[in-house]
Structures are given as C-alpha cells and as structure tokens.
Undergrad: 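One structure, pasted below without further comment.
Here the structure is a predicted model, which means the values were calculated and not measured. The analysis underlying the following values was restricted to heavy atoms, covering all of them including side chains, and did not include hydrogens, waters or symmetry mates.
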Amino acid sequence: MRWTGHDAGTIVRALAAAIPLIPLLRTAGRRVHLRARDQAQANRDVAAHLAERLNVGGAMLRILFGHLEDDMSGVRDRIDRAYAATVARNMTFARSAVVLGTFSAIGVGVVYLVAGWWASAGSLSVGSIVALAGLVSLAYSPITTLATSGINLGGGLVAFERVYDLLDFPAAVDDPANPVRFERPALSMQFASVSFRHPGPRDAVPESLLDEDAGDDDAKDGWALQDISFATIPGGTTAIVGATGAGKSTVAALICRLYDPTEGAVLLDGVDLRRLVQEDLHRAVGMVTQDAHLLNDTLAANLRLAEPDASDDDLRAACDQAALSDVIDRLPDGLETMMGDRGYRLSGGERQRVALARVLLAGPDVIVLDEATAHLDTATERAITAALEVGLRTRTRIVIAHRLSTIVSADLILVMDHGRVVESGTHGALLASGPRYRRLYAAADHNDSRVDARGDN
C-alpha cells in the first residue's frame, strides 16, 4: 500500500486528538496524588491507634478503666475513614482510566471520520482506512498505558515522599565537619550561661508529617532553662534537685546532647559538645533515665545494647553491681529470658536495675542518673547506692533525685526552680543557708518515712 499526504494528515489529526490529554493527565495525576496522601494519612492513623492500644500498656489501661465500646468506636471511625480514603483514591484512578480510554476511542473515530470523508471522494481506499485505524490504535495503546502507569505511580510515590522528607530533614543534633578528638577519661561537665527552649513543631518534624492543627513556630514554649552555669566535681557527685518542672531532666538531656542549647554552651573537659563526634560523646557520657525502656528481646540482648562484645561473665558482673542477680536466678531462662513488650515480665524496679546494669556495662566516664532509683524500695535503693559508690568511685556522677535522702553526701547540690539554679552548695551548707533546699528536704524526709515499707515495684 502506498502512503499519500492524505494518509499522513489523517494520522497527524488522529494523534493531535491526544493533545487535550496533557492537561487532563496532569489534573488526574494531582487528584490521585492527593487521594493517595489522604489514604496514607488514614492508614497511618489506624496503625498508630491500634499499636498504641494493643501493646501491653494500652491493653492494661483499657482493662483498668473499661469503656471498651467507646474505644472500639474510635477504632471503627478510623477504619471507616481509611476505607473511604481508599475508595476515593481507587475511584479517582478509575475515572482517569475511563477518560484515557475515551480519548483513545475518539482518536480512532477521527481516523474513520476523516478517512471516510476522503474515501467518499475517491481519494482513499477502504483498505487504507482500516490500516490507518489500526496504526492509530497501536499508537494510542502505549500512550494510554504509560499515562495510566504514570498516574498510578504518582499515587504510589506518596509513601516515599514521607521517607524522603524524613531523610532530607536536617538533624536537630549533628556531628561537626571538623570534630575535636579528646582522650578519655573525661572528668568534668560545665554549663556556661546555658538557656534552652524546646523547638516548635515545624522545627522538629517535616511539614508533611504535621497535623493541620499542629500550630506554628511562633507558638513555642517559653524558656525551659535560663542562664544556667555550673561545673561538676571531677570524680565526685553533683546532685540536681527541685520541684517537678524545674528543668532537671532538661539539664540531663543537654548533658547527653539529646538537644543543643539555644544559648550558651555545654562543655566536656572544656570542649563544647557540638565540636565532638556523637559516638565519642556517648561512650564518655552515659545516662539512666526515669523510664527504663526494654526491647522485646532477651535480657542478655538488652544488656548488650551497651556493649555488643560483652561476655556472659561481664553481664553477670554488671548485674551483681545493680543488685539484679536474684532476678536473673528467678527467670526461667536466666539471661536468655525474653523480656516481652517494654519488659513487662519485670517490675518497674527490676527494669530500672536492668537499666543501671546496662550503663555500668558501658563504662562511661560521666554517668547521669535521672531518678534512677525512683521505683526501688528503700532497702534495695540503699544496697544499689552502696554498690554504685564502689563501681563508680572513679567516675563523675550527676544525680537527679526527688528523694533528697539519697544525695546528702553529694559533693555539690544544685537547687533548681523554674529553669534556673537558685541555690548551690553541700547538704550542710544548704540546710544552713538555703530556704528552698530546706523546704524540699523537709518534704522529702516526710515522704521517705512513708515509703520505707514499700516493696520493689
């Protein structure tokens, strides 16, 4: 068959019918993308809601407080929203596919219309018309397939967008380009005119992960710390006390560089923490937090988070110092016993002793104990305190405590109030000249007398 100018013109006209597809494809792609975002958000809400309520702590709350039907209603509402979002995305995609198929059919129709006009004039044969229609169909098929795949791929990339947003989001704490190396052991921590305020939501997470009602950066909290300056006693104990919300745990977080100060500097042996490699810092500075978090793994694996190459003998030595040996002997598989979700097999006091053993195994030069004995009975607390006095006698200790009876022998006591250090000195000096410390000590002494008979939680 010989091609003529009419044939080429017919093909061009048929393919030109695809030009309106371009804006339609972009619009369809945007709509599918938005529906995919809504679907991802709804699915994430369902997963987070279920994970929060189906773990050990969440299930216990529902058992203790009841109202299970109300809770299940919340689950159903979220599942309904996820279902509606999924249907909306699929319907949008289906409508896009229908539009693409319609324009493909229109293109073939253009061929038959124009070519039929020419055939009636005798300038084109019936065979040519059929051949042209077949060629146009072949041309539209990959265009339609690619367009449909592109729309579907655009919706699927929503999940990757969140991953990329997280990967590209600047870290709140990062290693310096030219770090300073320091030799262990580290001796002292210093706070030099440190002030700190917590970042706003848009400084803490990517925009795509924020809820619509997350607020703006201008709505940041006030100052958590204001103009804090002190130096710990090298190889000694520095205690930080104060009422709830005074800023004690924030000081501990800055010592471990979980945050950087907004103003001023935190120094380790005179070196700003921001000039150190984080791995070096965390080998030199260890911390036991109020919430002793355990993984759903064996006790040995939880301890080896601090020192992956530790032998079983090393583990048992650290457990002996943390008064944990009796617990290990009671467990069915000893060190290889699974701890369960958040360590539910152990009591609160036992979990805290595991956290103590873990930091002792790591062997840091500076150790921060943030309410590390809060869940222990007085007898166990005294036994562990005595053991720590031996195990940590060459290390610098920073102790945050509500029970002031545990820190009367500290080399330096800092009294905090509303983010400031308002009094400092030894126990005797503060009792003589520190009105806030006297009030705290009197209240703590009264409370301690009531918990002496309390068992380990």
Undergrad: For Thr337 and Gly334, indicate whether the former's side chain and the latter's backbone hold a donor-acceptor pair under 3.5 Å.
TA: yes
Undergrad: Please test Ser195 against Gln226 for side-chain hydrogen bond (donor to acceptor under 3.5 Å, both in side chains), starting from the C-alpha separation and ending with a verdict.
TA: CA-CA 4 Å; Ser195 295; Gln226 298 184 67; over 6 Å; no
Undergrad: Taking Leu187's backbone N and O only, do any of them form a donor-acceptor pair with Thr396's side chain (distance below 3.5 Å, no angle check)?
TA: yes
Undergrad: Does a side-chain N-to-carboxylate-O contact under 4.0 Å join Arg257 and Asp174?
TA: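 Between Asp174 and Arg257 there is no salt bridge, as every charged N stays at least 4.0 Å from the carboxylate O atoms.
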Undergrad: Is the backbone N or O of Thr237 less than 3.5 Å from a side-chain atom of Asp411, with the two atoms forming a donor-acceptor pair by type?
TA: yes
Undergrad: Would you say the side chain of Leu414 lies within less than 4.5 Å of the side chain of Phe191, judging by non-hydrogen atoms?
TA: no
Undergrad: Is the backbone N or O of Ala310 less than 3.5 Å from a side-chain atom of Arg304, with the two atoms forming a donor-acceptor pair by type?
TA: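 Between the backbone of Ala310 and the side chain of Arg304 there is a qualifying donor-acceptor contact (under 3.5 Å).
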Undergrad: If we only count heavy atoms from C-beta on, is the Ile413 to Leu404 side-chain gap below 4.5 Å?
TA: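 Counting from C-beta outward, Ile413 and Leu404 never come under 4.5 Å.
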Undergrad: Is it the case that the side chain of Thr262 and the backbone of Arg197 share a donor-acceptor pair, with hydrogens and angles ignored and the cut-off at 3.5 Å?
TA: yes
Undergrad: Say whether, by atom type as modelled, one donor and one acceptor occur between the side chain of Lys248 and the main chain of Met416 under 3.5 angstrom.
TA: no
Undergrad: Roughly how far, to the nearest 0.5 Å, is OH of Tyr437 from CG of Asp417?
TA: 15.5 Å
Undergrad: To the nearest 0.5 angstrom, please state how far the CG atom of Asp314 sits from the CG atom of Leu360.
TA: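 Asp314 atom CG to Leu360 atom CG measures 12.5 Å (nearest 0.5 Å).
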Undergrad: Could you give the distance from OG1 (Thr298) to CG (Leu303), rounded to the nearest 0.5 Å?
TA: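 If I round to the nearest 0.5 Å, the distance is 8.5 Å.
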Undergrad: Do the side chains of Val408 and Tyr441 get nearer than 4.5 Å, heavy atoms only?
TA: yes
Undergrad: Keeping the roles fixed (side chain from Glu423, backbone from Arg436), state whether a donor-acceptor pair exists under 3.5 Å.
TA: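 Yes: the side chain of Glu423 pairs with the backbone of Arg436.
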Undergrad: In the structure I gave you, are the side-chain heavy atoms of Pro364 and Arg395 within less than 4.5 Å of one another anywhere?
TA: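 Yes, close enough: below the 4.5 Å cut-off.
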Undergrad: What's the separation between atom CG in Leu346 and atom CG in Leu324, rounded to the nearest 0.5 Å?
TA: 7.5 Å
